[in-house]
Amino acid sequence: MSRNSYRALAAASFIGLAAGPAAADVVGKVGVDWIGNDIIVDAVADPQVKGVTCHVTYFDRSVIDRVKNGKWFEDPSNNSISCRQTGPIEIGDIDLSKGGDEVFKTGISLIWKKLVVNRIYDKENDTLIYLVHSRELTDGSAKMAISTIPLYGQSVTWKNGKPQ
């Protein structure tokens, strides 16, 4: 099953959930070898924080690689993230707890493994933290990456008022 099939399956599961995770747009695809493996670059706009866009990369295994190495139904957990301010920042109803909000999720295996982006607000440092990681049903992955958006000194609009 291709990455786009996983994405379509994930998108279909969120129909009707207006406040659900964001959708991703593929903005880049780089071939890394002769057997068809690719690195995909997605742009993910945070649905609750206007003016912030994250670019997430992940590895998309080819059919030849799946036949050669097995593991037919999953891609590696290697991923990266970079988030930047791309417009005026308007913060909606976000979770201010240490666990934060799930901003984006897509399957990287048929059933068991998901690539997830969480947003956490660091109140003490007035910074948004975006964490990308893989979530597995049985074994979590230690592979992760973060990106931060400092809000200090920025003109930021808070829908519910800035947390005190």
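Quick caveat, the model's predicted, so the values are computed rather than measured. For this chain, numbers begin at 1 and follow the sequence in order.
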V103 backbone acceptor or donor facing D101 side chain under 3.5 Å: no
Closest non-hydrogen atom pair, P163 against L96: CG-CD1, 3.7 Å
Close side-chain approach of Y130 and V49, heavy atoms under 4.5 Å: yes
From CD (E90) to CG (D46), nearest 0.5 Å: 12.5 Å
Inter-residue atom distance L128.CG - C54.SG, 0.5 Å rounding: 9.5 Å
Candidate pair I91 and L151, rule side-chain contact (heavy atoms from CB on, under 4.5 Å), full reasoning: CA-CA 11 Å; I91 300 177; L151 302 177; 3.8 Å; yes
Q85 side chain to G87 backbone, donor-acceptor under 3.5 Å: yes
Closest approach of A145 to S80 (non-hydrogen atoms, all atoms of both residues): CB-CA, 4.2 Å
Contact check, side chains of I120 and K98, non-hydrogen atoms, under 4.5 Å: no
Flag side-chain contact, heavy atom, 4.5 Å: D126 against K162: yes
Gap separating the OG1 atom of T148 from the CG atom of N125, nearest 0.5 angstrom: 10.0 Å
Closest heavy-atom pair and its distance - W158, I94: CZ3-CD1, 4.1 Å
Closest contact, heavy atoms only, K159 versus G92: CB-CA, 3.8 Å
Sub-4.5 Å side-chain heavy-atom contact between F104 and L115: yes
Between CD on residue E102 and CG on residue D95, distance to nearest 0.5 Å: 11.5 Å
Nearest-0.5 Å distance, OG1 of residue T57 to CD1 of residue I39: 7.0 Å
Contact check, side chains of N118 and H133, non-hydrogen atoms, under 4.5 Å: yes
Exam field: side chain D38 to backbone I40, donor-acceptor pair closer than 3.5 Å: no
Test side chain to side chain contact (heavy atoms under 4.5 Å, CB included) applied to V27 and V41, D42, T53, the passing residue: V41
Rounded distance [0.5 Å steps], CD1 in I89 versus NZ in K50: 13.0 Å
Non-hydrogen atoms of M144 and L131 that approach each other most closely: CB-CD1, 4.0 Å
